[in-house]
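Working notes for the structure below.
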Amino acid sequence: MAINQKLTKRSDDFAKWYNELILKSELADYSPVRGCMIILPLGYALWENVQRLMDQEFKKTQVENVYFPALIPLSLLQKEAEHVEGFSPQLAVVTHGGGKELAEPLVIRPTSETIIWQYYADRLQSYRQLPLLINQWCNVMRWEMRTRLFLRTTEFLWQEGHTAHATPAEAEERALMMLGVYRKVLEEYMAIPCYQGVKSSQEKFAGAENSYSLEVMVQDFKAVQAATSHNFGQRFSKAFGVTFLNEQDERQHVYTTSWGSSTRLIGTLVMVHADDRGLVLPPRIARTQIVIVPISDSENRKRVFDAAGKLENTLREQGYTVKADYRDIKPVHKFYDWELRGVPLRIEIGLKEVTAEEATLVQRDTGKKMTVRQAELSELIPGIFEEMQRRMFERALQFRDEHTYVVNSFKEFREVLEEKKGFLRAHWCGSNSCENDIKSETEATIRTIPFDSEPETGECVYCGKPSGRRVLFAKAY
RNA sequence: CGGGGCGUGGCCUAGUCCGGUAAGGCGCUCGCUUUGGGAGCGAGAGAUCACUGGUUCGAAUCCAGUCGCCCCGACCA
C-alpha cells in the first residue's frame, strides 16, 4: 500500500525520483536476480495496452504473429559475423540440461533473426510466398552491465517483427512503414513526441544495413531510443541461405527487415509525463481512466456509495475503464494514491454532489478542478480526455523543442550541453572519428539523422570539414 | 570492472564510535470515534540485526572474510 509516502522531487534527484515512482506506484519491483524485474499489475496493464494498440496496427499491414523458441543453438547465432560480434558480450548461455552438460551450448535469445531465418531458409521457395510478414511478442535477454527499471533490464518483453521481401525497395519501404506505426502509437496514444531518422553507421544495429529509430526527450533532457526498425538487405539471407525463385525463374536472396519495441516504452512514458506527485498517464493508455472517490460520513454512507456505484456503472457502460474506491480510509488518502498511480480523471462525489446531482472532476495533468452536473458527464468526458491527450502531447513537444538547440561550434556545443543540457542540432562531417571524439569528450552521441533535417551546407562542428545537414546529438539512456 | 552508498519486524530509520540481550515512526489486525487535501484513542501481531568465522562471561555493536542491492561511470534497446 503506497499510502503516506512522499516522492523525491525530480529537481532534487531525477534517478531517485524515477526509481521511487516505479516502486511506489507499483508498476514494478526488483527481483532476486540483478537486472531482472517483476512487472506488477499496473505496469503490465500499460504494457498490455501498448501491445493491443500496436498489434492492431501491425495487423492492418498484414503482419501475422508467430512464436519461435527462446533457446537458440550457439552455432546458429555465429552464422552472421557482425551480428554475433555485436551480441556476444550480452549473451546468457545455457550449458546444462537434464543434469548433463549439453553437447552444444544454447543461448537465450537476445533477438530472433538467426533462428527465424534458419527456419525460413528451407521454407521460402517462390516469389509467390513473399513478402513474408511475421511478428512475435516475447521476452529476450541481454546481459547488461548497468540496469535501470524498464529502461534497461537484463530480461525484457518486446515484440520483434521480421519480414522478407523480393526487392530492396520493398524492404526499405517496410522498415520505414513500421517506424511510422511506432510513431503513431507513441504520438497518438502515449502522447510522446518523437524525432524520427536514420542511425549513424556506428549506432546502427549489429548486422543491419540501415537502422531507423524514434528518439524521445525525457524530463532530465536525455534521449531514449523508443523503437527501432532495421533494413538488413541480404545480410541475413546470405548468412542463412534464404533464397527464392523470382518471376524470371532466377534464384535470389531475400531482403529482410526487423523492427522492435519493448517494455522500455513504459519507462519512457513515465520519464516523459510523470510529475512530483506521481505518474501522469494519457487517457488513451491508462489502465484506469476514471476513479470515483465517494466522500461521506457514516450517516450518509449508503446514499453516497449508492450514487457512486450508479455513476460507476453508467461510465463503465459508456466504455470507460472505471474504478470506484470504497476503501474505508480518508478521501485525501485516495486522492494521493490515485494521483501517484496516474489516473487521468478523478470524480469526487459527496453529499453535496449527491444532493445537487453534481460531480466534482479533477484532472490529473493540470490538477484543474470543476464541478458539473452529472447529467452532463457523458458529453463532457470525451472532450476532457481529448483535450488532456492533446495537452500532454503539446506539453512534451514544447518541452522538447525548448531544449533542442542549434549549435555551430564545438565550444558552443560543449557549453550548451553542459549548461542547458538537451538535444543539439549540429553539423557533422560523417566520419566515425569525429563521432567518437565528440562522444568521448562530451558523452553525447548522434541519436539520429532526422528525416526532417533540411539539406544545409555547413561545417562539421568538430573538424570543420563540409557537412550537408545537421544531425541530432544528445546524451542518451 | 572502477568510484560512492547501504544491508536492523512488510516499509523507513535510531542504536554501531564507547559490547550488557533490540527501539521509534509508518503500515498491518481488532474495537470505537472520524471522513471535502496525508485524523484520534485503546488493544494486538510481527526481528534467526545480510551471511560465515573469530575475539569475549556476553556481539546488531569489535576483527576478518563473503554475499547482495542501489547510485555514478565504461557496454547496450
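Quick note on labels: first sequence line is chain A, next is B, and so on, each numbered from 1.
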Under a 4.0 Å threshold between the charged nitrogen and the carboxylate oxygen, would [Y] count as salt-bridged to [X]?
{"X": "A:Lys204", "Y": "A:Glu209", "result": "no"}
{"X": "A:Glu20", "Y": "A:Lys24", "result": "yes"}
{"X": "A:Arg183", "Y": "A:Glu57", "result": "no"}
{"X": "A:Arg364", "Y": "A:Asp275", "result": "yes"}
{"X": "A:Arg395", "Y": "A:Asp365", "result": "no"}

Whole-Å gap separating [atom2] ([N]) and [atom1] ([X]):
{"X": "A:Ile295", "N": "B:rG37", "atom1": "CD1", "atom2": "P", "value": "8 Å"}
{"X": "A:Arg346", "N": "B:rG38", "atom1": "CZ", "atom2": "C1'", "value": "13 Å"}
{"X": "A:Leu7", "N": "B:rC11", "atom1": "CG", "atom2": "C1'", "value": "15 Å"}
{"X": "A:Tyr182", "N": "B:rA77", "atom1": "OH", "atom2": "P", "value": "14 Å"}
{"X": "A:Asp13", "N": "B:rG4", "atom1": "CG", "atom2": "P", "value": "19 Å"}
{"X": "A:Gln90", "N": "B:rA77", "atom1": "CD", "atom2": "P", "value": "7 Å"}
{"X": "A:Arg277", "N": "B:rG38", "atom1": "CZ", "atom2": "P", "value": "11 Å"}

So what does [X] touch, heavy atoms closer than 4.0 Å: a base, only the sugar-phosphate, or nothing?
{"X": "A:Lys352", "value": "base"}
{"X": "A:Thr153", "value": "base"}
{"X": "A:Tyr30", "value": "sugar-phosphate"}
{"X": "A:Ser262", "value": "base"}
{"X": "A:Thr360", "value": "base"}
{"X": "A:Glu203", "value": "nothing"}
{"X": "A:Arg148", "value": "sugar-phosphate"}
{"X": "A:Glu144", "value": "base"}
{"X": "A:Glu339", "value": "base"}

Assigned partner base of [N], Watson-Crick or wobble definition, under 3.5 Å:
{"N": "B:rC69", "result": "B:rG5"}
{"N": "B:rC75", "result": "none"}
{"N": "B:rC28", "result": "B:rG44"}
{"N": "B:rC62", "result": "B:rG54"}
{"N": "B:rA39", "result": "B:rU33"}

From C-beta outward on [X], which listed nucleotide comes closest to its side chain: [options]?
{"X": "A:Met145", "options": "B:rA39, B:rU34, B:rC75", "answer": "B:rC75"}
{"X": "A:Ser298", "options": "B:rA39, B:rU34, B:rC71", "answer": "B:rU34"}
{"X": "A:Lys369", "options": "B:rU35, B:rG37, B:rA77", "answer": "B:rG37"}
{"X": "A:Phe335", "options": "B:rG37, B:rA77, B:rC70", "answer": "B:rG37"}
{"X": "A:Val362", "options": "B:rC70, B:rC75, B:rG37", "answer": "B:rG37"}
{"X": "A:Gln225", "options": "B:rG37, B:rA77, B:rU35", "answer": "B:rA77"}
{"X": "A:Val332", "options": "B:rU34, B:rG37, B:rA77", "answer": "B:rG37"}
{"X": "A:Arg34", "options": "B:rG37, B:rC70, B:rA77", "answer": "B:rC70"}
{"X": "A:Tyr336", "options": "B:rU34, B:rG38, B:rA77", "answer": "B:rG38"}

- Message: Looking at A:Val33, is its backbone amide N or carbonyl O close enough to the side chain of A:Ser31 to form a donor-acceptor pair, meaning the two atoms are under 3.5 Å apart?
- Response: yes
- For the base of B:rG37, is there a side-chain donor-acceptor partner from A:Glu348 under 3.5 Å away? no
Please report the distance separating the [atom1] of [N] from the corresponding atom of [M], rounded so that it comes out in whole Å.
{"N": "B:rC11", "M": "B:rU48", "atom1": "P", "result": "12 Å"}
{"N": "B:rG44", "M": "B:rG37", "atom1": "C1'", "result": "31 Å"}
{"N": "B:rG68", "M": "B:rA50", "atom1": "C1'", "result": "7 Å"}
{"N": "B:rU34", "M": "B:rG15", "atom1": "C1'", "result": "36 Å"}

- Query: So, do A:Trp158 and B:rA77 meet the stacking rule of ring centres under 5.5 Å and planes under 30°?
  - Reply: no
Contact under 4.0 Å: [X] side-chain N or O vs [N] OP1/OP2:
{"X": "A:Lys330", "N": "B:rG36", "result": "yes"}
{"X": "A:His230", "N": "B:rA77", "result": "no"}
{"X": "A:Asn19", "N": "B:rC70", "result": "no"}

- Query: Which word best sums up how the rings of A:Phe240 and A:Phe236 line up, parallel for under 30°, tilted for 30 to 60°, or perpendicular for over 60°?
  - Reply: parallel
- Message: Over 60° means perpendicular and under 30° means parallel, so tell me whether A:Phe232 and A:Phe205 are parallel, tilted or perpendicular.
- Response: perpendicular
